[in-house]
Amino acid sequence: MNQVEETLRQEVAKLLEDGTIDVFVGHEAASLPLKTSPCFVRSPKEVDRLVWNRICTSNLATYLPQLFKRPVGLKGEWTPPKVGVVAKGCDSRSIVGLIKEKQIPRDRLFIIGVGCEGMIDRHSVGRALGVVGLADAKVDGNSVQVIGTDGREKRIDIADVLAASCRECQHREAVLSNLTVGEAPSSAPEVSHYANVAEFESKSPQERWEHWVGELSRCIRCYACRQACPNCYCEECFAEETAPKWLGVTTDLSDVFVFHLGRAFHQAGRCVDCGACVAACPQGIDLRLLNQKINKDVEELFEAQVSLSLEEAEALSSFRMEDDQSFMTEP
Amino acid sequence: MLEMTLDKSKVQEFLRLLGQNRRLFAPVKDRMGTKFSEVADPSLVCLDGLNTNLSLKEVVFPQWETLYTFEEDQANEVKLAAQETLLFGARPCDARALELLDRVFTWEGIDDPYYLRRREKTCVVALACNTPGEACFCSSVGGSPVGEVGADALAFDLGKQLYLRALTERGEALLKEASTLTEKATEEDKQAVQQAAAEAEKQLQPVPIPEDLAALKESFDAEIWEDLGQKCLGCGTCAYVCPTCHCFDITDETKKGVGRRVRSWDSCAFSLFTLHGSGHNPRTTQAARYRQRVLHKFLYCPENFGEAFCVGCGRCITNCPAGLDLRAVLERLGSLAKVT
Amino acid sequence: MTKETNEKMSGDGWEPRIIAFLCNWCSYAGADLAGVSRIQYPPNVRVIRVPCSGRINPLFIVKALQTGADGVLVSGCHPGDCHYISGNLYARRKFALLKSLLEYVGIEPQRVHFSWVSAAEGARFAEILGKVIDSVRSVGPANKMIKKFEEVA
């Protein structure tokens, strides 16, 4: 057990004991190697379920709005619970966004911030193994020892299997917290920000189109990307609306395009690039390439960053008189 | 029945020959491991992977299909012809899933023509597993890594050669088509196969499956569902990668006076799955939706079809973005049943 | 390719179909003024009147392209003139991102246009429309996003 994990458990036990929180949302080990599962702790006795390691990939902010919803069919008084949550930089930014969008109340949240050096992307480990499965894995410092289902062992540098969003992450500490656990993370490495987007932009329109045709023909419309996304809390998604009916239920490319363009656009000025959509996709589609494009534009056109503080207005709920009009045919 | 061996260097030639008169589907390499897809070039076929990341149900039960088209008040049937199809290298769990799907689409004497037109033209050559995948548990749910159910022929990878055994007349006819490339299996081969089968079955970790249906029924109000439901993200991944999940939705798509009625996969994990036109939704919580998925497979299907609708392929486990593990759920359900 | 698209591609008869979303207070009135002033403009445009350019859901534009429009024009009040004070200024940010995103996925930028047209600019509306039509014509019939209803057997 590492130091952060130990302190985290102690702190959570205290918070539950003294009634500061009713439930704590954290990560626990899942049965498969290099996988964790969200964990809801309601009693100090259960804090040992909590883990903190290099595979706490999920963005826990996704799980928060549901906790503050009045249970359906409940009669009489209902007080929303006091909720604790462990937050990496990205989780905390999603939390900021959700507070600003009034999906979760700040005063009933207790955020434990943890510095993050980046999480392992299970898909990348899978790719390193090829066509066989992952039988076992052990994280050891900066590398991970994996055993394939064919019995072959391999040592992989964590740097080589970091989630793509973690590689480019500029906010490795929680931007909003009640308490911080563990040491500050090492400073973010110098990476060319939006390098993947810039490279993609330099391709010809035909190449760009063909890329998305290829990627989106993989989509099976399971909506894992949407469900894993903290920003996708709509009770009814435009993808499933019937009046108006924006798109069909098929995997016809046209429908899939409308879905992914629509979803990406609904993230405009809101996406914190946590990578949850990419990690959730069972087909390994790089949806970041869409979302990051919008983030890049938001940064360049409106000089805005997404969800760094509770005070700042988000890019699309504000404007400036002198905003760029160069995209217009006749301004 | 026919038993033969095929030198592995001849697999491509074998597939090319059999693929001449039919569509050929087989595993090919993919960024997510392997995927089952139609192959024009047999050199792309990869038999070294375990389960393909997506199941092969799409071949007989596509993600979406047009049931009929319409113009104003006139409906037009769609042509129901399907081509002869060979599924080569399907793992025994997937082959068995087809047999389970057959029961649904012919339930109580009502045949689903859309499903059957493809299914009847489908010949399955399964490939027995030598080693289990990371989340495999076929032997715990009535299957086997060397199972024959649902397949027309079964292949074993013996290292240098493939051993092939016809299981049905269709399988025998198929193998005979390529008899110039194969040799008769020797006693030695058969022994090697038996040994491989025993070896494969030994490697699987047993998962206790709750078989006491009455006890499962009792679990309806158990706390376990609340616990699992709060983790479940409500995506359709488990259902869409599952070889036996078969729920579908029917919607109309219209455009300027013409339209079509489309059937598409649906998932009980979606909150809109049970939403009524009135606005009422009988399954209000994710807990209820997750319970539905598990109980449908392990309680309602045994009641309706005589068998649990799970072949233990493990895809829902490896792909679940919330790290939910059906095996662990079954274990918990089992212990629940014992206590009550 | 659909029969319809085939015909459009092969014959000289193809004319771009353009959906124009015009705000009620300025651009729609501008188009109206063009009409009452008897200023000729080509009949390729189908106008949809909306209360404000801020009302335009970017999905309207995507949906128009999916259902067969060859091009889309969105027009509202000049900055500062919005009937609702700032609807067009919020809209401007959305449109900047959408235009860029569509181009990014490989959809021809010549298909999607934005402009500000006041109620007094009838002649300007006709002029802009001419430009838009020329621009859409230069990239031919749309074929990327369109949902086809072919027979699936």
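Numbers restart at 1 for each chain; the letters A, B, ... are given by sequence-line order, proteins then strands.
Closest approach of A/G284 and B/R31 over heavy atoms only: O-NH1, 2.8 Å.
Both the backbone and the side chain of B/I317 come within contact range of chain A, with heavy atoms under 4.5 Å apart. Proximity to chain A is limited to the side chain of B/N53, based on heavy atoms less than 4.5 angstrom apart. For a residue to count as touching a neighbouring chain, one of its non-hydrogen atoms must lie under 4.5 Å from one of that chain's; by this rule B/C46 touches chain A with the side chain only.
Proximity to chain B at a heavy-atom threshold of 4.5 Å picks out A/T62, A/Y63 from residues 53-63 of chain A, in numerical order. Residue-level contacts of residues 222-233 of chain A with chain B, in order of numbering, are A/C222, A/Y223, A/A224, A/Q227, A/A228; threshold 4.5 Å between heavy atoms.
Residues A/D252 and B/W64 form a side-chain contact, since some pair of their non-hydrogen atoms from C-beta on lies under 4.5 Å apart. The shortest side-chain heavy-atom distance between B/M32 and A/R127 falls under the 4.5 Å cut-off.
A/K35 contributes no side-chain N or O that, together with a main-chain N or O of B/P321, makes up a donor-acceptor pair within less than 3.5 Å. A donor-acceptor pair is defined here as one N or O able to donate and one able to accept, closer than 3.5 Å; such a pair exists between the side chain of A/S37 and the backbone of B/A322. Side-chain atoms of B/E134 come within 3.5 Å of backbone N or O of A/L134 as a donor-acceptor pair.
Heavy-atom pairs under 4.5 Å with chain B peak, among A/T242, A/V72, A/L129, at A/V72.
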Go through the steps for B/K231 and A/F40 under the test side chain to side chain contact (heavy atoms under 4.5 Å, CB included), then give the verdict.
CA-CA 8 Å; B/K231 292 180 172 219; A/F40 299 76; 4.2 Å; yes
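Taking 4.0 Å as the cut-off between side-chain N and carboxylate O, A/R218 and B/D30 count as a salt-bridged pair.
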